[in-house]
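The block underneath contains the structure these notes are about, expressed in structure tokens.
Counting from 1, the numbers follow the sequence of the chain as shown. Given the structure is predicted, the values throughout are model-derived calculations rather than measurements. Counting starts at 1 for both ligands and their atoms, in listed order.
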Amino acid sequence: MRLGCIGDDFTGSSDLANTLTREGMRCVQYVGVPEGRADADVEAGIVALKSRSTPAREAVALSLRALDWLRDQGCSQFLFKYCSTFDSTDDGNIGPVAEALADALGASRVIVCPAFPATGRSVYQGHLFVGDKLLSESGMQNHPLTPMTDPDLRRVLGRQSRGSVGHLPFAVVAQGPDAVRAQLDAEDAKGHRLIVADAVRDEDLRVLGEAAAELPLLTGGSGIALGLPANFRARGELAAEAGPWRGQSGPAAVLSGSCSTATRAQVRDHARSHPVLPLDPDAVMAGRTGAEAVADWLLAQDGVPLAYSSADPADVRAAQERHGVAALAAAFDALFAETARRLVAGGITRLVTAGGETSGAVVEGLGLTELQIGPEIAPGVPAIRAGEALTLALKSGNFGGEDFFVRATSILEGTV
Ligand SMILES: Nc1ncnc2c1ncn2[C@@H]1O[C@H](COP(=O)(O)OP(=O)(O)OP(=O)(O)O)[C@@H](O)[C@H]1O
Ligand SMILES: O=C(O)[C@@H](O)C(=O)CO
């Protein structure tokens, strides 16, 4: 294994795996820190954690365990993947985890860059934008767990970190890798270890990747990985070709717990021509809707059936007030996990999930440990093989076009 990655959630980790696979590295996503050794042909290993919103101390401890395992597999470079909208609070977890990994690796000049231009996230003058809006005006200021009210990443990170934070401006990135290396040295000389890097285009991310060829640690969204495979290839450290994708025939189903704008549009679009089953939070909490009934309904449908709890923000808030945020989240996680187990036992071979928490609950519920990465379904979402007869697509809330669910099942089948 050459590149060792630590992702702070499951869908975000598959986003990173998608980028690395597309750029030609043989990639495996591990669910949590694995016990045994990785297969010898894995070039990039991604340990997917659920550490985005846990207390910082837990996130640090888990990330260090993941780092130890990745070091044991022989990796020469490490990447900490967090969300392209920098989801975190003033208590962490991005700063504390980045600093702990840097301590363990003796790393200086640690790039911090959540830019992901294909999905509209760019960093300019140290500020994070979503499309043409500052992060703090993008809707992310209302996120229930990690509200992002300050778009200046240098300040956000400064509040989470022990050390001071530097900046690598766009004007320097635009001059290419030599200028970037010189600026990283200059920031290091000023005592800044974490350095927020501007990037607005994929080519900026490739410049950063090239400049970082010898750095032990990078941090960012999946975009920061764009330029890394070329460094390993230039050193003759990659196999010539990634393994081919093997499509999977058989019945499909979709489970959606994401309430994001993008997912709600996908659910509406899907409902026009496929069977859909809404899951009412009150019925779930009262035990009137259970996994057995949901799975039986899905298994009895033709086409690409969908069960969803996705609801608009006002309904979500009202349900949370009635039942409590944590209790509701736990009930939906348990429902989706058990439904997924019953679907796979009932013969589903193509399973699509929407939402980071929801996908995490499903992957853990199914007891999966290793995910093989296939072709891209949409920016940030790959096709995944999870077993001899099981394929998956794990979609982050905000990703994918309106026809995502059908497109995903077609790509999993190998017909697109
Ligand atoms: N109808 C609903 N009412 C209240 N809460 C809901 C409802 N449906 C889902 N939820 C909760 O909303 C959350 C959805 O989180 P999830 O991470 O799956 O999606 P997301 O936030 O859109 O995705 P991502 O993390 O990838 O951006 C879960 O905690 C779930 O329990
Ligand atoms: O970076 C992103 O936006 C995604 O991979 C993600 O982590 C969303 O939860």
Can you tell me which residue and heavy atom of the protein come closest to atom 13 (C) of ligand 1, and the distance to 0.1 Å? Gly257 O, 4.1 Å

Look at the rings of His270 and His274 and say which category their plane angle falls in: under 30° parallel, 30 to 60° tilted, over 60° perpendicular. parallel

Starting from atom 8 (C) of ligand 2, which protein heavy atom do you reach first, and at what distance in Å? Ser396 OG, 3.3 Å

With a 4.5 Å heavy-atom cut-off, do Leu128 and Val123 have their side chains touching? yes

For ligand 1, is there an N or O atom under 3.5 Å from any N or O atom of Pro281? no

Just wondering, do Ser14 and Ile384 contact through their side chains at under 4.5 Å, heavy atoms? yes

Taking the non-hydrogen atoms of Thr263, is any one of them nearer than 4.0 angstrom to ligand 1? no

Between the side chains of Arg162 and Asp103, is the shortest nitrogen-to-carboxylate-oxygen separation below 4.0 Å, so that they form an ion pair? yes

If the cut-off is 4.0 Å to any non-hydrogen atom of Asp9, which atoms of ligand 2 fall inside it? 7 (O), 9 (O)

Backbone or side-chain N or O of His143 under 3.5 Å from ligand 1 N or O: no

Does an N or O from Ser258, backbone or side chain, lie closer than 3.5 Å to an N or O of ligand 1? yes

Show which atoms of ligand 1 fall inside a sub-4.0 Å distance from at least one heavy-atom site of Ser260. 22 (O)

Qualifying residue, where the test is side chain to side chain donor-acceptor pair (under 3.5 Å) with Thr263 and the options are Ser396, Ser258, Ser256: Ser258

Nearest-neighbour protein heavy atom for atom 8 (N) of ligand 1, which is reported as residue plus atom name and distance: Ser309 OG, 2.8 Å

Which bit of Phe116 is near ligand 2, meaning a heavy atom under 4.0 Å away: side chain, backbone, both or neither? neither

Do Phe405 and Tyr308 have ring centroids that are under 6.0 Å from one another? no

Treating Arg407 as the side-chain partner and Ile377 as the backbone partner, does any N or O pair qualify as donor plus acceptor under 3.5 Å? yes

Give the atom numbers and elements of ligand 1 that come within less than 4.0 Å of a heavy atom of Thr358. 18 (O)

Treating Arg341 as the side-chain partner and Gly365 as the backbone partner, does any N or O pair qualify as donor plus acceptor under 3.5 Å? yes

Looking only at distance, does Asp333 have an N or O less than 3.5 Å from an N or O of ligand 1? no

Begin from the C-alpha positions of Met140 and Phe86 and carry the test side-chain contact (heavy atoms from CB on, under 4.5 Å) through to its verdict. CA-CA 10 Å; Met140 282 303 295; Phe86 215 71; over 6 Å; no

Can Leu328 be said to touch ligand 1, with heavy atoms closer than 4.0 Å? yes

Atoms in ligand 1 flagged as close to Gly356, the criterion being non-hydrogen separation under 4.0 Å: 16 (P), 17 (O), 18 (O), 19 (O), 23 (O), 24 (P), 25 (O), 26 (O)

Name the closest protein heavy atom to atom 17 (O) of ligand 1, giving the residue it belongs to and the distance to 0.1 Å. Glu357 N, 2.7 Å

Taking Gly139's backbone N and O only, do any of them form a donor-acceptor pair with Gln141's side chain (distance below 3.5 Å, no angle check)? yes

Side-chain ion pair, Arg206 and Glu210, N-O less than 4.0 Å: no

Atoms of ligand 2 close to Ser84 [distance to a heavy atom under 4.0 angstrom, numbered from 1]: 1 (O), 2 (C), 3 (O)

Going by the order shown, which atoms of ligand 2 are within less than 4.0 Å of some heavy atom of Asp15? 1 (O), 2 (C), 4 (C), 5 (O)

Which atoms of ligand 2 sit under 4.0 Å from any heavy atom of Cys83? 1 (O), 2 (C), 3 (O), 6 (C), 7 (O), 8 (C), 9 (O)

Hey, can you tell me if Phe332 and Phe336 have their rings parallel, tilted or perpendicular (30° and 60° cut-offs)? parallel

For atom 7 (C) of ligand 1, grab the closest protein heavy atom and report residue, atom and distance to one decimal in Å. Phe332 CE1, 3.5 Å

Test: Asp68 and Arg65 ion pair at under 4.0 Å: no

Do Gln77 side-chain atoms and Leu215 backbone N/O form a donor-acceptor pair below 3.5 Å? yes

Between the candidates Ala361, Ala327, Ala329, which shows the shortest non-hydrogen contact distance to atom 29 (O) of ligand 1? Ala329

Just by modelled atom types, is the Gly12 backbone N or O under 3.5 Å from a matching donor or acceptor in the Asp9 side chain? yes

Numbered atoms and elements of ligand 2 in range of Lys81, under 4.0 angstrom, heavy atoms: 1 (O), 2 (C), 4 (C), 5 (O), 6 (C), 7 (O)

Checking a contact table here: which protein heavy atom is nearest atom 26 (O) of ligand 1, and how many Å away? Gly397 N, 2.8 Å

Short list, please: which atoms of ligand 1 are under 4.0 Å from a heavy atom of Ala311? 1 (N)

Which of the numbered atoms in ligand 2 are below 4.0 angstrom from a heavy atom of Arg52? 6 (C), 7 (O), 8 (C), 9 (O)

If the cut-off is 4.0 Å to any non-hydrogen atom of Arg121, which atoms of ligand 2 fall inside it? 3 (O)

Given the protein's heavy atoms, is any one of them under 4.0 Å from atom 21 (O) of ligand 1? no

